[in-house]
Amino acid sequence: MRPADAADEGDGQSRSIAAVERAMDVLLLFGRSNRPDLGVTEIAAELGLTKAAVHRILTALRSRELIAADPVTRRYSLGHAAIALGRAYLARTDLRAMAGPELRGLAARTRETATLSVRRGDTRLYVEQVVPEQELRIEVSLGIPYPLHAGGPSKAILAFLREEEVEGYLSRHGLEALTDKTITDPAKLHTELAAIRRRGYATSYGERQEGATSIAAPVFDHGGGVIAAIGVSGPSTRFKSHMQESAPLVVEAADRLSAQLGHRR
């Protein structure tokens with residue numbers, strides 16, 4: 001091969017790589033945007049590309065159904081193929097493995113038990129925990145279903161369900177008292193759930209287990225639905241006095257896990 005031919009081939013490969021990178025930039029812009037659709041002008045301004053270049057990229061992405069176009073508004077959104085890729089990723093996601101670093105970090109910083117709970121219909125259950133090196137500590141039972149109205153993780157999930165789901169839960173279940181601290185009045189529970197939504201986390205002072213204090217924040221999936229809760233719990237005699245200091249740590253951990261699942265606030 002002549003030097004000139006080799007140079008031309010190298011230039012061609014460089015241009016091809018640059019074109020692929022620009023296409024990925026456009027696709028990723030749709031993924032991180034808070035808007036449901038984007039126009040050519042917005043994309044060009046955001047990425048520093050010409051409108052002509054954006055049109056070429058969108059045409060290529062549309063041919064693979066990674067991008068869809070609205071013929072009326074002439075705006076673009078993620079296509080079926082892109083959504084399928086996201087679903088394939090989520091299907092292979094191990095929530096426990098993803099939450100592991102967050103739980104270990106919370107247990108180390110709070111010196112209390114960090115837990116991951118998931119929703120199962122009208123119940124929630126612990127699926128993972130990290131227990132600190134403390135002589136007096138809380139250890140939870142994994143895999144046992146608990147009602148959604150009692151305890152920090154339960155209320156963190158219940159508070160962020162759709163209103164009709166909350167009402168459905170209340171209509172199907174009496175508010176059983178697990179301890180003398182459990183909220184059993186529907187009106188009081190509604191007030192508590194509203195407070196949880198305002199501050200972004202739930203607290204419990206012996207509502208599910210006597211002598212235990214807990215704090216928990218919701219974990220959301222890519223569609224904005226609450227699917228789990230990250231929490232910290234400890235003996236009331238020790239944790240109650242400094243539980244509020246852990247609130248930002250718990251909320252931040254839950255937010256990071258939600259972000260890994262594709263949720264955007």
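Remember, it's a predicted structure, so these values are computed and weren't measured experimentally.
Residues Val130 and Thr115 have side chains not in contact (no heavy-atom distance under 4.5 Å, counting atoms from C-beta outward). Within the 4.5 Å cutoff, side-chain heavy atoms of Ile144 are placed close to those of Ser141. Side-chain atoms of Leu95 and Leu261, non-hydrogen and from C-beta on, do get closer than 4.5 Å to each other. Residues Val226 and Arg119 are not in side-chain contact: their nearest non-hydrogen atoms beyond the backbone lie 4.5 Å or more apart. Under the 4.5 Å side-chain criterion, counting only non-hydrogen atoms from C-beta, Lys155 is not in contact with Phe160. Side-chain contact between His263 and His222: absent, with no pair of heavy atoms (C-beta onward) separated by less than 4.5 Å. By the 4.5 Å heavy-atom criterion applied to side chains, Val40 and His55 are counted as neighbours. Residues Glu112 and Pro235 meet the side-chain proximity criterion, which asks for heavy atoms closer than 4.5 Å.
Although no hydrogens or angles enter the test, the distance criterion places a donor-acceptor pair under 3.5 Å between the side chain of Thr179 and the main chain of Gly206. With hydrogens and angles ignored, the 3.5 Å screen pairs no side-chain donor or acceptor of Arg198 with any backbone N or O of Leu193. Using a distance-only test at 3.5 Å, with no hydrogens or angles considered, no donor-acceptor pair links the side chain of Glu252 to the main chain of Leu249. For Gln129 (side chain) and Leu142 (main-chain N/O), no donor-acceptor pair under 3.5 Å exists by modelled atom type. Side-chain atoms of Arg75 come within 3.5 Å of backbone N or O of Asp37 as a donor-acceptor pair. Using modelled atom types, no side-chain atom of Ser204 and backbone atom of Thr213 make a donor-acceptor pair closer than 3.5 Å. Distance alone, capped at 3.5 Å, places no donor-acceptor pair between the Asp70 side chain and the Arg74 backbone. The main-chain N or O of Thr182 is never found under 3.5 Å from a side-chain atom of His149 such that the two would form a donor-acceptor pair. A distance-only check finds no donor-acceptor pair linking the side chain of Arg111 to the backbone of Gln134 [under 3.5 Å]. A donor-acceptor contact shorter than 3.5 Å links the side chain of Glu42 to the backbone of Gly39.
Taking the charged nitrogens against the carboxylate oxygens, Arg96 and Glu128 do have a contact shorter than 4.0 Å, which makes a salt bridge. A salt bridge does not link Glu102 to Arg104: none of the charged nitrogens lies less than 4.0 Å from a carboxylate oxygen.
Counting heavy-atom neighbours within 6.0 Å of Glu164 CD, excluding the residue itself, gives a total above 12. Crowding of Arg199 atom CZ: a count of heavy atoms from other residues, nucleotides or ligands under 6.0 Å exceeding 12. Residue-environment remark: CZ (Arg256) exceeds the threshold of 12 foreign heavy atoms within 6.0 Å. Residue-environment remark: NE2 (His80) stays at or below the threshold of 12 foreign heavy atoms within 6.0 Å.
Residues Phe30 and Tyr76 place their aromatic rings such that the two centres sit no closer than 6.0 Å.
The OG atom of Ser236 lies 10.0 Å from the CD atom of Glu210; values are rounded to the nearest 0.5 Å. Taking CE of Met24 as the reference point, atom CZ of Arg22 lies at 11.0 Å (rounded to 0.5 Å). Between the CD1 atom in Ile157 and the CD atom in Glu165 there is a gap of 11.5 Å [rounded to 0.5 Å]. To the nearest 0.5 Å, the span separating CG on Leu148 from CG on Leu175 amounts to 11.0 Å.
Ring orientation note: the planes of His173 and Tyr169 are tilted relative to one another, at an angle of 30° to 60°.
Residues Tyr126 and Val219 do not share a hydrophobic cluster, clusters being chains of Ile/Leu/Val/Met/Phe/Trp/Tyr side chains in contact below 4.5 Å. Cluster membership for Ile43 and Leu66, using ILVMFWY side-chain heavy atoms within less than 4.5 angstrom, is shared. No single ILVMFWY cluster, assembled from side-chain heavy atoms under 4.5 Å apart, contains both Val20 and Leu27. Under a hydrophobic-cluster definition in which Ile, Leu, Val, Met, Phe, Trp and Tyr are linked whenever side-chain heavy atoms come within less than 4.5 Å, directly or via other members, Val131 and Val232 are assigned to different clusters.
Here the closest non-hydrogen pair linking Ile196 and Ala202 is CD1-CB, 3.6 Å. Of all heavy-atom pairs between Ala228 and Leu116, the closest is CB-CD1, 4.2 Å.
With Tyr146 as the aromatic partner, Arg208 meets the cation-pi criteria of under 6.0 angstrom to the ring centre and within 45 degrees of the ring axis.
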